[in-house]
Amino acid sequence: MARRHGSALLAPTMPSGTEVGSYKTYMEASDAVDYLSDQGFDVQFITIVGTDLHMVERVTGKLTTGKVAASGAASGALWGAFIGLLMSFSLQSNMLPFMLLSLGGGALIGVIMSVLFYALTGSRRDFTSHSQTVASRYAVLAAAQIEEAYKLLQNTRGNLIQPIRQRRQRPEPTGPTEYGSRADEQPRFGVRLEEGQREQDQEQADEAPRNESVDPWAAPSKEGGDTAQQ
């Protein structure tokens, strides 16, 4: 059980925290963490996470037989010196000649092996380079005191996270407006009236007497005809 618990602690896991800063290079991210430390922030809650990783191979120059021989001689000489130093402890006489012999023999063997290996490859890789892993962006995460870390990192160079600016709200017009300029506006004709004035006008219209319409082409009533005959 203890062994399983220890292996769980050593297993790689994703860090927890809130992103409080973002930088293009690792140097800018490390400088930001150093700035937090200088300001008295507890940096044990900070994590730098590289996202979108790339393996980059930078070419440093053209590879020739002379460079291969020189590189092989250097590496062979180091191995020869190391072996000569180990063997010299068992000798009671002067160690300098034995060290020089081991150094020269190692360099010679290194040149032969390097040139031979270069010839066997058929010169398919005639350039020198070195590889490294680079991230497109480096995020700074904070597991505690998030607001304080966010405010402090706003003063650092290269931070891609900018403070959110609040938008200005346009004041609502109080007078008559063009129909459709406000989302909550109701269909109308003419000038918009206030709610209280609209109800008052509706009550006055309901209380006003209605005039009965008279059809001029209608036939006269019976009583009217009798009066005319008299």
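The chain is numbered in sequence order, starting from 1.
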Report summary line: When every non-hydrogen atom of Asn159 is compared with those of Ser22, the smallest separation belongs to OD1-N, 3.2 Å

Query raised in the report: How far apart are the C-alpha atoms of Val140 and Thr47, what are their side-chain angles, what is the distance that settles it, and do they pass the side-chain contact (heavy atoms from CB on, under 4.5 Å) test?
Result: CA-CA 6 Å; Val140 177; Thr47 307; over 6 Å; no

**Report entry** Single-linkage hydrophobic cluster, 4.5 Å side-chain cutoff, Leu160 and Val49 together
**Finding:** no

Query - Ala135 to Gly50 - nearest heavy-atom pair and separation - result: CB-CA, 3.8 Å

Report task. Return the minimal non-hydrogen interatomic distance between Ser16 and Ala143, and the atom names on each side. Result -> O-CB, 4.0 Å

Query raised in the report: Which value, rounded to the nearest 0.5 Å, describes the distance between Thr25 atom OG1 and Met27 atom CE?
Result: 7.5 Å

Query raised in the report: Charged N to carboxylate O under 4.0 angstrom, Lys151 versus Glu147?
Result: yes

Requested in this report: Using the rule that two of Ile, Leu, Val, Met, Phe, Trp, Tyr join whenever any of their side-chain heavy atoms come within less than 4.5 Å, decide whether Trp79 and Leu108 are in one cluster.
Outcome: no

Query - Heavy-atom pair of closest approach, residues Leu63 and Tyr118 - result: O-OH, 3.6 Å

Query raised in the report: What distance do Asp31 atom CG and Asp38 atom CG have between them, rounded to the nearest 0.5 Å?
Result: 10.0 Å

Query raised in the report: If you round to the nearest 0.5 Å, how far is CD1 of Ile46 from CD of Gln145?
Result: 8.5 Å

Query raised in the report: Is the backbone N or O of Gly110 less than 3.5 Å from a side-chain atom of Ser114, with the two atoms forming a donor-acceptor pair by type?
Result: yes

Query raised in the report: Is the closest side-chain heavy-atom distance between Val134 and Leu53 below 4.5 Å?
Result: no

Query raised in the report: To the nearest 0.5 Å, what is the distance between CG (Leu152) and CZ (Phe41)?
Result: 7.5 Å

Requested in this report: Identify whether Leu141 and Leu153 are in the same connected component of the hydrophobic contact network (ILVMFWY, side-chain heavy atoms under 4.5 Å).
Outcome: no

Query raised in the report: So which heavy atom on Ala77 is nearest to which on Leu103, and how close?
Result: O-CD1, 3.1 Å

Query raised in the report: Going by heavy atoms in the side chains, are Val68 and Phe117 under 4.5 Å from each other?
Result: no

Query - Any donor-acceptor N or O pair under 3.5 Å, side chains His54, Thr133 - result: no

Query raised in the report: Quick one: does Glu19's side chain get under 4.5 Å of Ile161's, heavy atoms only?
Result: yes

Report summary line: Residue set satisfying ring pair (Phe, Tyr, Trp, His ring centres under 6.0 Å) with Tyr26, at least two apart, ordered chain then number -> Tyr138

Query raised in the report: Do Lys24 and Arg137 touch side chain to side chain, with heavy atoms closer than 4.5 Å?
Result: no

Query - Nearest-0.5 Å distance, CD1 of residue Ile83 to CG of residue Leu78 - result: 11.0 Å

**Report entry** Separation between OG of Ser75 and CE of Met113, rounded to the nearest 0.5 Å
**Finding:** 10.5 Å

Report task. Indicate whether any N or O donor in one side chain lies under 3.5 Å from an N or O acceptor in the other, for Ser129 and Glu57. Result -> yes

Report task. State yes or no: do Phe45 and Val43 share one hydrophobic cluster built from I, L, V, M, F, W and Y residues joined by side-chain heavy-atom distances below 4.5 Å, directly or via other members? Result -> no

Query raised in the report: What's the shortest heavy-atom distance between Ala69 and Val111, and which atoms?
Result: O-CG2, 3.4 Å

Report task. Flag yes if Val33 and Ile146 sit in one hydrophobic cluster, no otherwise; membership is Ile, Leu, Val, Met, Phe, Trp, Tyr, and two members link when side-chain heavy atoms are under 4.5 Å apart. Result -> yes

Query raised in the report: So Thr156 and Tyr23, side-chain hydrogen bond (donor to acceptor under 3.5 Å, both in side chains) or not? Walk me through it.
Result: CA-CA 10 Å; Thr156 57; Tyr23 302 88; 2.7 Å; yes

